[in-house]
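Note that ligands are numbered from 1 as they come in the structure, with each ligand's atoms numbered from 1 the same way. In this text the structure is predicted, and so the values were computed from the model without any measurement.
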Amino acid sequence: MQTSLWYYTVPMLRLAELLVENSCLDRVFICNSGLEANEGAVKLARRYGSLNLNGAYEVITTNSSFHGRSLAMTAASGQPKMHEPFEPLPVGFINVANNDIEAVKAATTDKTCAIMLEPIQAEGGINVPDGDHLKKVREWCDSNGILLILDEIQTGMGRLGTLFGYQLFGVEPDIMTLAKGLGGGIPIGALLAKEKASVFTLGDHNATFGGNPVTSAAAYATLKYVLDNNIVGNASKVGQYLMNGLKALQGKHAIITEVRGRGLLLAVELNTEIAEDVLMNCLGNGLLVNRLKPNAIRMVPPLVIGNNEADEALSILDKALASVAMGG
Ligand code: PLP
């Protein structure tokens, strides 16, 4: 189940190989969770800064982002409510307005080594950026010689109807992080990097359980299943079907102000703070939704659902909205 950190194992290598073959990244470090992958990503960017950018160490992140619960990732996450209870926070993270290239430009200095984004902010509200925003950020990174880190912990592994979110926006990151769906329920995270950003040398980074044969085998089996069974295509197709159904519900229920998202990462915004009541009503009828905000729910169903399950979900949500709107 566990080997010394000094050895590669076959399951670890098979997973790394499959990830490299199916992404634009060249190197993989396997760890145990999302925040660990993000910590590794920031360490890697700082190492890049120390080697190539005169010691630049700052990472620009966005307001409403979520990158994990370690102290550094708490600072990276652009949410004051996450910061205040744990101050003072580690330095080196600059939170700027989301989906705002001018804010990114204004925050970039000779201390900046990377920009770190979720392709679509997930916990922060399923905030879909403008179609060309990531391209503009990519261009800005290139023209300043700094790295683009994409946190694909929630958006990766087919969730948006593409294997990775970067494919949806036509950009390639220098560093990418994965976790959540990667292990199909088994705890695992991965840090991927392009060759030019793979600047760790022996001793810079490691994790005792990272890349152990058991979790690596689980993630390999998950990714192989996702690829062999066109789960990504399914997420795209059913996601569109669910989105159309939610838009139809919007036409029927005036309390829905917006439906947004991509693939099977969707949000329904409401004109009053009744998300909790809608959630409880749905739960009572067999549908799990998530309270994204007091006035918004999130739907993040398994990527294997079909149109039948989408119809069932839409019907339960339809009744829940009618019932809650009537005070039921
Ligand atoms: N990054 C994103 C975008 C996430 O959604 C999450 C978890 O919700 C994390 C990082 C943290 O991952 P973990 O909970 O595995 O540490």
Review point. Is the closest side-chain heavy-atom distance between Ile120 and Gln154 below 4.5 Å?
Key: no
Point to revise | Flag side-chain contact, heavy atom, 4.5 Å: Met116 against Asn38 | key: yes
Exercise for review: Give a yes or no on whether a salt bridge exists between Arg298 and Glu123, defined as a side-chain N under 4.0 angstrom from a carboxylate O.
Suggested key: yes
Point to revise | SB check Arg138 Asp174 (cutoff 4.0 Å) | key: yes
Exercise for review: Please check if atom CD in Glu258 has more than 12 non-hydrogen atoms from other residues, nucleotides or ligands closer than 6.0 Å.
Suggested key: yes
Check your understanding: Are more than 12 heavy atoms from other residues, nucleotides or ligands located less than 6.0 Å from atom CZ of Phe209?
Key -> no
List, pair by pair, the atoms of ligand 1 and of the protein that are both N or O and lie under 3.5 Å apart, giving the separation rounded to 0.1 Å.
unit_1	atom_1	unit_2	atom_2	d
ligand 1	1 (N)	Phe66	O	3.3
ligand 1	1 (N)	Asp151	OD1	3.3
ligand 1	1 (N)	Asp151	OD2	2.7
ligand 1	5 (O)	Gln154	NE2	2.8
ligand 1	8 (O)	Lys180	NZ	2.8
ligand 1	15 (O)	Gly34	N	2.8
ligand 1	16 (O)	Leu35	N	2.9

